[in-house]
Amino acid sequence: MSDKSYNIRLEHEIEHGKKLTSEGAEAIWNWSSPAGKIRAERRARYFVSVGKITLTDKVLEIGCGTGLFTKKVKELTRANIIATDLSPDLLDIAKNEVHGVNFLLADAMHLPFVDNEFDVVFGSSILHHLDFIPALTEILRVLKPGGRMVFAEPNMLNPQIFVQKNIPFIKKWLGDSPDETAIIRWKFARLMKRIGFIDISIFTYDFLHPSTPNIFLSLVNKIGKLVEKIPLLREISGSVIIFGRKP
């Protein structure tokens, strides 16, 4: 990626942070609805269980936004967390919402940390905003040997997400930043392997749409978890969980 392209991408993401702050980030991200809250709890528990995050771990979160998942992971683990974001506007919200965490303005593609510093790096819906190669290279660099990465990202094979990420006027209408995309799990796994990760596991999940009415929440959630167990159908789930380890 050229310096010009890199700088344009950073400008887009900073502007996106301002938009999220002014219009209500968690509402735009669909975490504030009743279904969104259920989805957020499940995602946070995946971070902890898949990433094997414990009290003694030194943890880095990239793309922390308003601190929603920072707070959840902190409450579940009491781990030592450093949380970063490129947007000063979103970080200001996070600092007011979450205590006991060190928040830092930082670019995930040029992390300001020494090599081999963290036991775990995690993030929610952040990798798809980044250039994958420098972002994954930086994550691998700052992880300790044996350290783990765990991320939740949108699944490109989900029909709604495919349309949203690939049709420009819909992408703009729904509030996406210009450079964001989504994950195709087997292609992303190959990229992680090429960069140097081992024990790679990427699985699809989540059929609970954030706009699901309260009256149908329980039923839709149960049906969705059943569909997640069906080969082929589960490939069009809304999200992927990504895990990898540093040798």
Exercise for review: Apply the test salt bridge (Lys or Arg N to Asp or Glu O under 4.0 Å) to residues E228 and K225: give CA-CA distance (whole Å), side-chain angles for both, the deciding distance (0.1 Å), then the verdict.
Suggested key: CA-CA 5 Å; E228 287 174 17; K225 288 182 179 179; over 6 Å; no

Taking the six-membered ring for Trp and the full ring for Phe, Tyr or His, determine whether the centres of F122 and F69 are under 6.0 Å apart.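 For F122 and F69, the ring centres are not under 6.0 Å apart.
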
Any donor-acceptor pair under 3.5 Å from [X] side chain to [Y] backbone:
X   : Y    : answer
T66 : I93  : no
R39 : L208 : yes
N30 : G36  : no

request  = Enter the distance from H128:NE2 to D179:CG here, rounded to the nearest 0.5 Å.
outcome  =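 Going from the NE2 atom of H128 to the CG atom of D179 covers 11.0 Å.
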
Do F188 and F151 pass the ring-ring contact (aromatic ring centres under 6.0 Å, His included) test, and can you show the C-alpha distance, the side-chain angles, and the key distance before you say yes or no? CA-CA 12 Å; F188 202 80; F151 287 82; 8.7 Å; no

So which heavy atom on [X] is nearest to which on [Y], and how close?
X    : Y    : answer
L127 : E153 : N-OE2, 2.8 Å
V73  : T77  : O-OG1, 2.7 Å
I53  : F47  : CD1-O, 3.5 Å
G67  : V98  : O-CG2, 3.5 Å
V150 : V120 : CG1-CG1, 4.4 Å
D57  : R148 : OD2-NH2, 3.0 Å

Between [X] and [Y], does any side-chain N to carboxylate O distance fall below 4.0 Å?
X    : Y    : answer
D119 : K58  : no
R185 : E235 : yes
E75  : K72  : no

### Query
Should M156 and I126 be regarded as members of a common hydrophobic cluster, given that ILVMFWY residues are connected when their side-chain heavy atoms come within less than 4.5 Å of each other, either directly or indirectly?
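No; I126 is not reachable from M156 via cluster members.
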
- Item | cation_pi(K246, F118) dist<6.0 Å, angle<=45 |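 No, a cation-pi geometry is absent between K246 and F118.
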
Check: With R43, which residues qualify under salt bridge (Lys or Arg N to Asp or Glu O under 4.0 Å), at least two apart?
Finding: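 By the salt bridge (Lys or Arg N to Asp or Glu O under 4.0 Å) rule, R43 matches no residue at all.
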
